[in-house]
Amino acid sequence: MKNYRHHPFSLLLRILVTLSAVITAGVVLFLIGYILYHGVPNLTLPGLFSWKFTAENQSMMPAIINTVIMIVLTLMLAVPIGVFAAIYLVEYSKRGNRFVKIIRVTAETLSGIPSIVYGLFGYIVFVITLGWSFTLLSGVITMAIMILPLIMRTTEEALMAVPDSFREGSFGLGAGRLRTVFRIVLPSSIPGILSGVILAIGRIVGESAALIFTSGTNPVVPKSLFSSASTLSVHLYTLLNEGRYTDQAYATAVVLLIVVIIINALSSVVAKKLSR
Amino acid sequence: MTNLSEKVMRIIFMLSATVSILAVIVICYFLFDQGLPAMVEIGVTNFLTGTLWKPLEGHFGIFPMIVGSIYVTAGAIILGVPVGLLCAIFMAKFCPKRLYGVLKPAVDLLAGIPSIVYGFFALMVIVPVVQDLTGTSGKGILTASIMLAIMILPTIVSVSEASIRAVPESYYEGSLALGATHERSVFFATVPAAKSGIMAGVILGVGRAIGETMAVSMVAGNQPILPDSILSGVRTMTANVIIEMGYAEGLHREALIATAVVLFVFILIINISFSLLKRRDK
């Protein structure tokens, strides 16, 4: 507070920025604290984690399993396509190519489309036009398109960060382009790709608007790709819609929050590995 | 043999790269194919400027929803941008390193929280407070704006912080050397130089706020009317789709898809202005 007596305006600015940071941190703390405070005691509700969903227990276990299934299937679809697309953009195409520009623009467009539009799209195409009704597969394909630009962008960045001398060394030893990509370039960009995958998992876990009208709100573990299955976020939506299950909703929100915290911690671990 | 696999894989890589183009084409095709005929049948001006939304009686005017989306987004920007920008300035130029190690993950966490959880939180916390203070139902523009402001905070903070950090240190040092205080140097030399990056962050925030669905539909009240005050309930375009899609049939369903088309056009405009800004930045 040494020189502020002569600079009241500077003092004001300092107070404003500090206040804003306090507000931001306060919102985070309050939000998390509030949900934990009201949710943690409800985690012990009878049957909340039982394997079978009934109208009485409103178990979230099937929804948790569905979320894992959704993550695995979506990644199986989107990661190869996204990584291969990035390989094409970085390793195969010539710079400034028109085709590449179009790909970049469309990927950027995809990442800006709100999830409700994806949901509506999935609903029109899979549920109505193809007549699948609400199925796991509809949700998986919709989610895969949604996270594709994310996987593409992070992989592209990771591939571009690999120094050209690696490639030149490999070519110099007589390896072809394909072998260079799979043996040299990809292995050294794994952490970058992984960080994209973790972000994508976060998006799948948190998504509700795109899934309600594609994979539906049925809180049971699906028998096949063509059964309806609600993920944890969608399950929370149904609980809130019913209006009678506030306790269960708090508990579900706690589980979602913990998953998000774990995902964030994982991604910062990977980021630290990257910067080394 | 190797030659063959080289060629095959090259084609596979290229096909993968075209998936994103294909996806955009397919999404546009289905949305416009299902939405535009309804818009024509209702009449484009009737649809866009009609103030009456009564699907069962054949009134399909989405003007209240367009206004609703714009109001809650504007509210979120008015509340969220000052706090977010100042917080970003704090994090980039005022924050002790150890505090930064806590603050940064906290802001990142805010970005990862699912929108349905935000909606739930707003329903349980913000709605009752607004209810008590104003004596209304508590659901309306104000509540939705406060919640959206929190939701776009991480976007504004992280994009603004990155662009403030990208400003050359010499700007700040030059200002210091001329006798300005630390605060003045940051605010009048560094921050103006980061203007276009900050604008890009704001535009991203607008995109997030206008596309937000679940959380907004839980706290905005959802009355399809033209709001007369900031406490009045509104329905956004996104909420219109999510609320009625479950039971809509025929022209009603197509009108909802047309609502999404209008939203889509809004988003495209926002995207284009974002990439224009980014291009100017280079």
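It should be emphasised that the depicted structure is a prediction, and the values quoted were computed from it without experimental measurement. Chain naming here is simple, since letters A, B, ... match the order of the sequence lines and numbering starts at 1 in each.
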*ring-ring contact (aromatic ring centres under 6.0 Å, His included) between B:Phe121 and A:Phe30, worked out*: CA-CA 10 Å; B:Phe121 173 77; A:Phe30 182 63; 5.8 Å; yes
*Checking heavy atoms, do the side chain of A:Ile103, its backbone, both or neither come under 4.5 Å from chain B?*
both
*Given the options B:Ser20, B:Gly112, B:Ala23, B:Gly211, which has more heavy-atom pairs under 4.5 Å with chain A than any of the others?*
B:Ser20
*Between chain A and each of B:Val107, B:Leu110, B:Ile267, count heavy-atom pairs under 4.5 Å; write down the option with the most.*
B:Ile267
_Part of B:Thr238 within contact of chain A (heavy atom distance under 4.5 Å)_ = both
*Hey, are the side chains of B:Met245 and A:Leu120 touching, using non-hydrogen atoms and a 4.5 Å cut-off?*
yes
_Among B:Ile27, B:Val186, B:Leu123, B:Asn271, which residue has the highest count of heavy-atom pairs closer than 4.5 Å to chain A?_
B:Ile27
*Give, for atom CG of A:Leu211 and atom CE of B:Met214, the distance between the pair rounded to the nearest 0.5 Å.*
10.5 Å
*Side chain from CB out, backbone as N, CA, C, O: work out which of these in A:Leu29 comes under 4.5 Å of a heavy atom of chain B, or both, or neither.*
neither
*Looking at A:Ala85 and B:Ala17, what are the two nearest heavy atoms and their distance?*
CB-CA, 3.5 Å
_Using 0.5 Å steps for rounding, measure from the OG atom of B:Ser275 to the CZ atom of A:Arg104._
13.5 Å
*Given a strict heavy-atom distance threshold of 4.5 Å, which part of A:Ile261 is in contact with chain B: side chain, backbone, both, or neither?*
both
_Using ring centroids (six-membered ring only for Trp), state whether A:Tyr34 and B:Phe120 fall under 6.0 Å._
no
_Heavy-atom pairs under 4.5 Å with chain A: which of B:Glu212, B:Met124, B:Met218, B:Gln34 has the most?_
B:Met124
*Which region of A:Phe134, side chain (C-beta onward) or backbone (N, CA, C, O), has a non-hydrogen atom less than 4.5 Å from a non-hydrogen atom of chain B, or is it both or neither?*
neither
*Output the distance between atom NE2 (B:His182) and atom CZ (A:Arg14), rounded to the nearest 0.5 Å.*
6.0 Å
*Using non-hydrogen atoms and a 4.5 Å limit, figure out which bit of A:Leu19 sits close to chain B: side chain, backbone, both or neither.*
neither
*chain A contact via B:Leu263 - which portion, at a heavy-atom distance below 4.5 Å*: side chain
*asked:* Just so I understand: if I count every heavy-atom pair under 4.5 Å between each of B:Cys95, B:Ala260, B:Pro114 and chain A, which residue has the most?
replied: B:Pro114
*Are any of the side-chain heavy atoms of B:Val19 and A:Phe84 separated by less than 4.5 Å?*
no
_Is there a side chain to side chain contact (heavy atoms under 4.5 Å, CB included) between B:Val241 and A:Val117? Walk through the geometry before answering._
CA-CA 9 Å; B:Val241 175; A:Val117 173; over 6 Å; no
*Distance from B:Leu256 atom CG to A:Tyr123 atom OH, nearest 0.5 Å?*
9.5 Å
*Of all heavy-atom pairs between A:Leu178 and B:Ser5, which one has the smallest distance, and what is that distance?*
CD2-O, 3.8 Å
*asked:* If you compare all heavy atoms of A:Val17 against all heavy atoms of B:Phe90, which two are closest, and at what distance to 0.1 Å?
replied: O-CB, 3.8 Å
*Between CD1 of B:Ile242 and OG of A:Ser208, what distance do you get to the nearest 0.5 Å?*
7.5 Å
_Is there a side-chain contact between A:Tyr92 and B:Arg10 in this structure, where contact means two heavy atoms from C-beta onward sitting under 4.5 Å apart?_
yes
*Heavy-atom distance under 4.5 Å to chain B: side chain of A:Glu207, backbone, both or neither?*
neither
*Considering residues, nucleotides and ligands other than B:Tyr29, do more than 12 of their heavy atoms fall under 6.0 Å from its OH?*
no
*Identify which part of A:Leu31 has an atom lying under 4.5 Å from any heavy atom of chain B, answering side chain, backbone, both or neither.*
both
_Report which part of A:Ile81 has an atom under 4.5 Å of a heavy atom belonging to chain B: side chain, backbone, both, or neither._
both
*Side chain from CB out, backbone as N, CA, C, O: work out which of these in B:Leu268 comes under 4.5 Å of a heavy atom of chain A, or both, or neither.*
side chain
*Contacting region of A:Tyr118 [heavy-atom separation from chain B under 4.5 Å]*: side chain
*Determine, step by step, whether B:Phe94 and A:Thr18 satisfy the side chain to side chain contact (heavy atoms under 4.5 Å, CB included) criterion, reporting the C-alpha distance in whole Å, the side-chain angles of both residues, the deciding distance to 0.1 Å, and the verdict.*
CA-CA 8 Å; B:Phe94 289 84; A:Thr18 315; over 6 Å; no
*Hey, could you give me the CD1/CD1 distance between A:Ile35 and B:Ile113, rounded to the nearest 0.5 Å?*
7.0 Å
*Checking side chain to side chain contact (heavy atoms under 4.5 Å, CB included) for the pair B:Thr181/A:Phe9: CA distance, chi angles, key distance, verdict?*
CA-CA 10 Å; B:Thr181 60; A:Phe9 185 62; over 6 Å; no
*Side chain, backbone, both or neither: which part of B:Arg208 has an atom under 4.5 Å from a heavy atom of chain A?*
neither
*What pair of heavy atoms forms the shortest contact from B:Arg184 to A:Ser10, and how long is it?*
CG-OG, 4.1 Å
*Do other residues, nucleotides or ligands put more than 12 heavy atoms under 6.0 Å from A:Phe171 CZ?*
yes
*Region of B:Ile150 that comes under 4.5 Å of a non-hydrogen atom in chain A*: side chain
*asked:* Quick one, B:Leu31 and A:Ile124 - any side-chain contact, counting heavy atoms below 4.5 Å?
replied: yes
_Contacting region of A:Leu16 [heavy-atom separation from chain B under 4.5 Å]_ = both
*asked:* Let's test your reading of the structure: which of B:Val26, B:Ile270, B:Ile25 forms the most heavy-atom pairs below 4.5 Å with chain A?
replied: B:Val26
*Let me know if A:Ser111 has heavy atoms under 4.5 Å from chain B in its side chain, its backbone, both or neither.*
neither
*asked:* Is B:Phe188 in contact with chain A via its backbone, its side chain, both, or neither, using a 4.5 Å heavy-atom distance?
replied: side chain
*Counting only heavy atoms closer than 4.5 Å, note whether A:Ser268 contacts chain B via side chain, backbone, both or neither.*
neither
*asked:* Taking side chain as everything from C-beta outward and backbone as N, CA, C, O, which of these in A:Leu199 sits under 4.5 Å from a heavy atom of chain B? Side chain, backbone, both or neither.
replied: neither
_Under 3.5 Å: donor-acceptor pair, side chain of A:Asn264, backbone of B:Pro105_ = no
*Quick one: what part of B:Ile21 sits under 4.5 Å from any heavy atom of chain A, side chain, backbone, both or neither?*
both
*Among A:Ser233, A:Ser115, A:Ser93, which has the most heavy-atom pairs under 4.5 Å with chain B?*
A:Ser233
*Check whether A:Ile116 gets within reach of chain B through its side chain, its backbone, both or neither, counting any heavy atom under 4.5 Å.*
both
*Could you check A:Glu91 against B:Phe13 for side chain to side chain contact (heavy atoms under 4.5 Å, CB included), going step by step and ending with a plain yes or no?*
CA-CA 10 Å; A:Glu91 307 291 331; B:Phe13 291 152; over 6 Å; no
